[in-house]
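On a predicted model such as this, the values are computed, not experimentally measured, just so you know. We count ligands from 1, going down the list as the structure has it; atoms in each ligand are counted the same way.
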Amino acid sequence: MADVFVLAGPPGSGKGTQAKLLAPKLGVPHISLGDLLREAVRNRTRVGEIAKGYLDAGKLVPDQVAIDVAEEAVTKKECKNGFVIDGFPRTLEQAVLFDKLLGKLKFNLKKVLYIDISLNVILQRLTGRRSCSGCGAVFNLQFNPPRKEGTCDECGGPLRQRHDDTEEVIKVRYDVYREQTTPLIKYYSKAGKLVQIDGSKPVNDVFKDVSEAIGI
Ligand code: AMP
């Protein structure tokens, strides 16, 4: 059975960054539900039209939309040997539907890596986050600035701030996370799947802990 790893944690915990490191090490694709939704918004698809208002406000898109997008992604043949997913599931309802989906597709949910950090660190990280509109590389003005202001080191593309990375929207996203996503910690811990990781350390140290926790 192919293994699935979920990266969970508050916005700004670095779950996307860790997923991007973990997937190539395991030789499987990385799926980011946030990235898929932002792409849908950019391409003005039907899902994108529904999702836009939620993303801008820092709220979760309806569960059915999230599960449909996740299902479409994980049923692609690139995922047949397993995958790493971040940003999904984010509610209990999504977790229950995800378990069913994994069962149907004969995947094994190996571990849920829960990356934990405080609101103060989140605010510092996210207000300084800039992403490349060309290749998706992520920088931070304070901790990992680009060599040339506003320009991606990797591909030379323009760097942008995400619409939902303003202090006001970050606080909404954090509250949404506390209310809707933290029940998952208990759910996965009861199922024996949860591994808690301290996300306040530097990226490479967190990745060492992630790798150790899953024995790779
Ligand atoms: P992220 O890139 O993971 O920070 O997600 C950005 C935004 O996408 C969130 O604030 C939500 O609006 C939406 N989103 C991402 N994943 C989910 C999900 N599993 N369920 C509902 N909405 C989601």
Side-chain angles (χ1 to χ4, degrees), residues 4-23 30-43 45-74 83-102 109 112-117 119 121-133 135-140 160-185 187-188 199:
V4 170
F5 291 87
V6 169
L7 270 296
S13 57
K15 55 188 186 302
T17 302
Q18 295 300 322
K20 273 189 199 143
L21 293 170
L22 181 59
H30 161 220
I31 296 167
S32 155
L33 214 78
D35 283 351
L36 291 175
L37 290 169
R38 278 184 290 278
E39 192 185 316
V41 171
R42 268 198 311 276
N43 294 335
T45 64
R46 193 188 56 84
V47 165
E49 294 297 319
I50 301 171
K52 185 173 185 333
Y54 294 96
L55 264 81
D56 286 346
K59 304 264 171 74
L60 297 184
V61 305
D63 284 334
Q64 198 55 52
V65 174
I67 186 86
D68 286 350
V69 172
E71 177 159 5
E72 194 189 328
V74 308
F83 57 91
V84 173
I85 188 162
D86 87 78
F88 183 87
R90 258 173 150 114
T91 66
L92 265 185
E93 176 74 14
Q94 290 178 16
V96 171
L97 292 172
F98 191 48
D99 278 347
K100 279 198 189 134
L101 178 65
L102 294 180
L109 177 58
V112 175
L113 297 153
Y114 168 62
I115 320 255
D116 196 16
I117 57 166
L119 179 58
V121 182
I122 292 172
L123 283 172
Q124 266 180 3
R125 281 190 187 171
L126 291 189
T127 49
R129 176 160 74 177
R130 299 291 182 273
S131 328
C132 173
S133 0
C135 70
V138 180
F139 298 86
N140 186 288
R160 303 229 186 285
Q161 181 171 30
R162 268 172 52 172
H163 292 305
D164 59 353
D165 274 349
T166 59
E167 191 160 337
E168 196 188 339
V169 182
I170 292 166
K171 283 187 175 143
V172 175
R173 287 161 63 203
Y174 188 71
D175 287 345
V176 166
Y177 165 79
R178 294 261 308 251
E179 274 163 37
Q180 294 180 263
T181 308
T182 48
L184 293 188
I185 298 171
Y187 178 81
Y188 285 124

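- With hydrogens left out, the protein atom closest to atom 22 (N) of ligand 1 is Val61 N, 3.0 Å, a heavy atom.
- Heavy-atom contacts of Leu33 reach the following atoms of ligand 1: 16 (N), 17 (C), 18 (C), 19 (N) (cutoff under 4.0 Å).
- Proximity to Leu37 (heavy-atom distance under 4.0 Å) selects the following atoms of ligand 1: 8 (O), 13 (C), 14 (N), 15 (C), 23 (C).
- With a 4.0 Å cut-off on non-hydrogen atoms, Ala66 touches ligand 1 through its side chain and not its backbone.
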| message | One pair to check against side-chain contact (heavy atoms from CB on, under 4.5 Å): Phe88 and Ile67. What are the steps and the verdict? | response | CA-CA 9 Å; Phe88 183 87; Ile67 186 86; 3.7 Å; yes
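- For atom 7 (C) of ligand 1, the closest non-hydrogen atom of the protein is Leu55 CG, 3.9 Å.
- The distance from ligand 1 to the heavy atoms of Leu60 drops below 4.0 Å at these ligand atoms: 21 (C), 22 (N).
- From the protein, the heavy atom lying nearest to atom 11 (C) of ligand 1 is Lys59 O, 3.4 Å.
- In His163, neither the side chain nor the backbone holds a heavy atom less than 4.0 Å from any atom of ligand 1.
- Counting heavy atoms from C-beta outward, Glu167 and Leu126 have side chains that stay 4.5 Å or more apart.
- The side-chain heavy atoms of Lys20 and Val138, taken from C-beta on, include a pair separated by under 4.5 Å.
- Between the side chains of Tyr187 and Asp99, a donor-acceptor pair is found at a separation under 3.5 Å.
- Listed by atom number, the atoms of ligand 1 under 4.0 Å from Arg38 heavy atoms are 2 (O), 6 (C).
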Item to check | Stepwise salt bridge (Lys or Arg N to Asp or Glu O under 4.0 Å) check, Arg178 with Asp175 | outcome: CA-CA 5 Å; Arg178 294 261 308 251; Asp175 287 345; over 6 Å; no
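- Of all protein heavy atoms, the one lying nearest to atom 20 (N) of ligand 1 is Gln94 NE2, 2.9 Å.
- Every pair passing side-chain hydrogen bond (donor to acceptor under 3.5 Å, both in side chains) that includes a residue from residues 55-65 is listed here, sequence neighbours excluded: Lys52-Asp56, Asp63-Thr91, Asp63-Gln94, Gln64-Asp68.
- Looking at Arg173 against ligand 1, only its side chain comes within 4.0 Å, counting heavy atoms.
- Here Arg90 contributes atom CZ and Phe98 contributes atom CZ; the two are 13.5 Å apart, rounded to the nearest 0.5 Å.
- Taking atom 4 (O) of ligand 1 as the reference point, the nearest protein heavy-atom neighbour is Arg162 NH2, 3.1 Å.
- In terms of protein heavy-atom proximity, atom 15 (C) of ligand 1 is closest to Arg90 NH1, 3.1 Å.
- Rounding to the nearest 0.5 angstrom, the gap separating the CZ atom in Arg160 from the SG atom in Cys132 is 9.0 Å.
- Under a 4.0 Å N-O distance rule, the pair Arg125/Asp165 does not qualify as a salt bridge.
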